[in-house]
Structure formats: C-alpha cells, structure tokens
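Below you'll find the structure, written out as structure tokens, and then a few comments.
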Amino acid sequence: MNAVNRRHFIMSSMALPVALKASDLQSPNNTVRLAIVGFNGRGKAHINAYLKMPNVEIAALCDIDQSVVDSGLKTIQSAGKRRPETYADIRKVLDDKSIDAVSIATPNFHHTLQTIWAVQAGKDVYVEKPVSYNMFEAQQIVAASRKFNRIVQDGTGAQLWLHEAKKKIKDGIIGDVYMARGLVFKWRDTIGRAEEEPVPPGVAYDLWTGPAPAKPFTKNRFHYNWHWQWDYGNGDIGNQGAHQMHSARTALGVKYPTKISSMGGHYVFDDDQETPNTQLSTFEFEDGGKKKLLVFEVRHWISNNEAGIGERSPSVGGGAPQPLQTVGNIWYGSKGYLATSRDGWQTFMGPGQEPGPKSEADTAYPGFANFIDVVRSRKREDQLAEVEEGAISTMLIHLANISYRTGRTLYFDPVSYTCKGDGEATAMFTRAQYRAPFTVPKVGVTRTE
C-alpha cells in the first residue's frame, strides 16, 4: 500500500465490500451493462468506443442538457442498438441495480463526487481526467475505490506506447534520467465576454452547477468554457495538460514533489477567462537520495515546436492549415533524450542527438477496452490506468495552480498532506464550501498524522 492510502487514511471498518465476479454481472452472456454520464464533448468518444465492443450494452445515457441527450440517442440508434434509458440526474441512474458500470465524462468538478456516488452504489467507474477538482478530492476518490472495492479507471495513462516508453526508460535507454518536461502549446483563441442570460431550454442548470457556487448562467460558465473558470475547471494544465502531466511524472518514476513553483498569467486577450493561458511550473522531487526535476509549460498562442513534437493539422474545408500544436513530453538522460506525442516516442542519442530507437507499440488508446476487461476479471493489477496513479498526477496540477494563485513557492509534505508553514495554501486543498447536497464526503476515513 503506498503513501496515498498508508499515510493518509484509516479505512472505515463499517464497509464490507464484496468483489464482483464475472458471473455476478446482471446480464446474460457476460454482458456489461453501463451508463454514460456527460457526452457533449469527450463523452462522445465513450459512446463510440463502447458501441464497438461485443457484450457491452449502453443501457443508460445521462446528461443535464436534453439536446445532448437527443444527440447521444441518435448515435446509438443509428448504430442499430437498443434505445437506452435517459436521465438528467446521475443519482437516478445509480438506482438501477442492473447497471454494472458508469463511464463519466462530465466537467472536472463533478468527477470525484459522481465516482464516489457510483462506487457506493456498487458500480465500477471509468472517469475522465483529471480525476479530481482539488487536493482533497484526489484523496477521497482513491479512498472510495478501496473502501467499496470497485474498479475505477482513470481517463489517461492507458496508452500502450506510454507504457512501452516507461519500460524503456526504466531499462536505461537514455541513461540516468534527471528531468522531464511536459509541453502543452495548444492554440486557444479568446472566449470573449458573455452576458448573463436565461438558462437555455432543456438544461438542468442546478444539476450542472452541482458542488460549485450558484451563479447566473452565461455561455462562458457552461459547455467547454467552464475549463477557464476557477469554480469549475483547472485551466489547461488540468485539461489537455492532465495527459502530459501524468506521462511526465510516471515515466520520471516519481510520486510526490517536495518543492513546487508556478507562475504565468492571462496574456494577449481581455476576456472572461480566469485561469492562466500561459503558465510555467516546476516540481522538484527527492528520489532515492537524488533530485529530479519536472518542468511543465502551457502556452496558448503562436509558438514553436520542440524535439520533433508538433504537427500542423490538415486544412478544414479547403481552408488554411490549422495552427501548430506542440503537445507531448521530453525526458532527459545521461545518454540522450526521449520525446513523446500522440504518435508514440522517439529517442535522440549522444552529443550529436542522432535519431535512435523509437516506439513499436500500437498508438491506439485501449483504455475503454481495458476497463471492460478488468470489470469482468476483477484483476486491478491488469489496469493500464488505475485511479490511484491518476490521483497522484492530479495532485501536481493542483499544487501548481495553488502556487500560481498564491504567488509563492510551496513545500509539500506528503505525510501530513500539507504545504509546510503555509496555512493559506493548505486551506486551498479543498473548496471553502460545497453547495449542498453536492458535498464530497470524507468517505468514512480519517487522515493519520
């Protein structure tokens, strides 16, 4: 048992979970019946992935926007599948005992609470990145998965080429690795300013607001643009960056940073965005008596590419090519460096930086299939993206944002789960107040000191 559980939690003896066996699935023929929750954006990929799997039934769709529900229904029925039940409130989905699992792609600030509700109801969960909205929730999502003995899969980290690259790095392909860089140079245009307006027809806005403070509706507090508001999102370091942060940390072979510093700002535009669109964060780790460094950079506008990472998207509708996107990781070692992108990995060796070995693994993302396999087998060790590893990576995102917002370097203690000597920063580990009844619970655990 690692630091998240051993040091931080005493699990409640009140919970007596029983692992689900394949033979316990509610449907015949080993069919997994699941509900998809939230599918305006990333959730569309959930629908399309599960539609292709044998003995997997999308039994329910849940979204707070009726127009999104209608679109999801059309996709499923066009594929010749049976019409699923539809809901606006995930709690009603979880009342259905015939549903084995839920696949969650709602906004960040719902991920932990909805996962906790689901595992309490005896469901397994696939939850999109980042798995938590804040530091407190990163603890609780892991605690809940353990207490109720459910399979919880993170929405990042299941890339086969990433696991291949991590093994190569561990085997010494680039020598003694001392540093990693995460790059998110992703074109993000201005969101402008949005006036308050009536809630659109068919939108259950109170359910969408959930644990966040109640505020009037604007388009910049709703679909996708919620990413750039502190009440709901974590900026691009916690959006696109969640993938690259997880890759950078796990391949570097570290867990909890001891020193964190982040600065940046909201440059170029004058709009409703609250989170930084340009951010540089550094993390220092103590690893077996050696220091390692992780540097993470977010840029939102015109930028270069690096280490072969970056591609120009094809033109859309015959127009000009889309802006260059440089999104990936670089690990630096004593023999060379290794760069990754969604196309796999490539090494550059020696002082001449000559191209060396590169990825052989399939670049397809098997995360959904891996989740379903483990739902059947109950072998948590077979998960490519188990929630605890995702939660640790998410902590780095939150610590960087707290450093940015306080304007100072943090010194993190994973044993006490505090920022040393900084009560203000530690207080930012959770919300000042959760809006009832959408309160993330402590899941029957207490923290050890």
Side-chain angles (χ1 to χ4, degrees), residues 38 41-43 104-115 127-142 154-157 180-188 191 210-212 220-221 223-250 256-257 260-266 272-283 294-300 325 327-329 385 387-406 410 412 425 428-431 440:
R42 173 63 182 163
I104 298 172
T106 51
N108 300 7
F109 66 109
H110 286 288
H111 288 174
T112 295
L113 181 57
Q114 291 180 343
T115 298
V127 58
E128 275 299 336
K129 56 75 193 168
V131 298
S132 75
Y133 166 75
N134 58 37
M135 293 286 286
F136 165 71
E137 293 181 9
Q139 290 181 312
Q140 298 311 312
I141 196 169
V142 177
D154 183 12
T156 191
R181 290 183 64 219
L183 310 178
V184 177
F185 305 165
K186 190 160 187 174
W187 190 270
R188 301 285 191 190
I191 63 173
N220 280 340
R221 294 185 188 133
H223 289 326
Y224 203 80
N225 284 345
W226 57 262
H227 280 292
W228 324 127
Q229 315 300 328
W230 287 121
D231 284 335
Y232 320 113
N234 308 101
D236 224 5
I237 193 174
N239 179 30
Q240 176 63 56
H243 297 289
Q244 285 68 50
M245 186 71 79
H246 182 74
S247 299
R249 179 191 69 80
T250 55
Y256 307 101
I260 306 98
S261 183
S262 182
M263 64 180 65
H266 183 220
D272 286 336
Q273 181 163 343
E274 298 174 349
T275 61
N277 55 24
T278 304
Q279 187 175 8
L280 179 63
S281 307
T282 57
F283 307 83
L294 193 161
V295 178
F296 203 94
E297 190 167 2
V298 172
R299 301 180 198 166
H300 76 294
Q325 312 282 357
V327 178
N329 293 97
V387 67
E388 185 169 353
E389 286 297 312
I392 295 171
S393 299
T394 300
M395 291 176 190
L396 272 63
I397 292 166
H398 303 319
L399 288 167
N401 279 336
I402 293 171
S403 173
Y404 166 79
R405 297 182 78 178
T406 59
L410 308 179
F412 179 63
M428 295 174 71
F429 280 21
T430 189
R431 287 187 185 274
V440 175

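If you read the sequence from its start, that first residue is 1, and numbering goes on from there.
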Member of H243, E389, K129, Q244 meeting the side-chain hydrogen bond (donor to acceptor under 3.5 Å, both in side chains) criterion with T156
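Exactly one candidate clears the test, H243.
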
Hits for side chain to side chain donor-acceptor pair (under 3.5 Å) against R188, two or more places apart or cross-chain, chain-then-number order -> Y224, D236

Stepwise side-chain contact (heavy atoms from CB on, under 4.5 Å) test for Q140 and T430
CA-CA 11 Å; Q140 298 311 312; T430 189; over 6 Å; no

Could you walk me through whether N108 and W226 pass side-chain contact (heavy atoms from CB on, under 4.5 Å), step by step?
CA-CA 9 Å; N108 300 7; W226 57 262; 3.1 Å; yes

Nearest-0.5 Å distance, [atom1] of residue [X] to [atom2] of residue [Y]:
X    : Y    : atom1 : atom2 : result
F296 : T282 : CZ    : OG1   : 13.0 Å
E128 : H110 : CD    : NE2   : 15.0 Å
D154 : I392 : CG    : CD1   : 11.0 Å
S281 : N401 : OG    : CG    : 7.0 Å
T106 : H111 : OG1   : NE2   : 4.0 Å
E137 : R431 : CD    : CZ    : 7.0 Å

Do Y232 and F109 have ring centroids that are under 6.0 Å from one another?
yes

State which residues pass side-chain contact (heavy atoms from CB on, under 4.5 Å) with P257; sequence neighbours excluded, sorted by chain then number.
I260, F283, F285, L396, L399

Side chains of W228 and N239, heavy atoms from C-beta outward: is any pair under 4.5 Å?
yes

Residue pair V131 / T115, side-chain heavy-atom distance below 4.5 Å
no

Would I141 and V127 count as a side-chain contact (heavy atoms from CB on, under 4.5 Å) if you check the C-alpha gap in whole Å, the side-chain angles of each, and the deciding distance to 0.1 Å?
CA-CA 10 Å; I141 196 169; V127 58; 4.3 Å; yes

Which pair of non-hydrogen atoms, one from [X] and one from [Y], has the smallest distance, and what is that distance?
X    : Y    : result
K186 : Q325 : CA-OE1, 3.0 Å
G157 : H246 : CA-CD2, 3.5 Å
Q279 : A400 : NE2-O, 4.0 Å
P130 : G238 : CD-O, 3.2 Å
P276 : W230 : CD-CZ2, 3.7 Å
N277 : V298 : O-CG1, 3.7 Å

Quick one, I237 with V184, criterion side-chain contact (heavy atoms from CB on, under 4.5 Å). Give me CA distance, side-chain angles, the key distance, then yes/no.
CA-CA 8 Å; I237 193 174; V184 177; over 6 Å; no

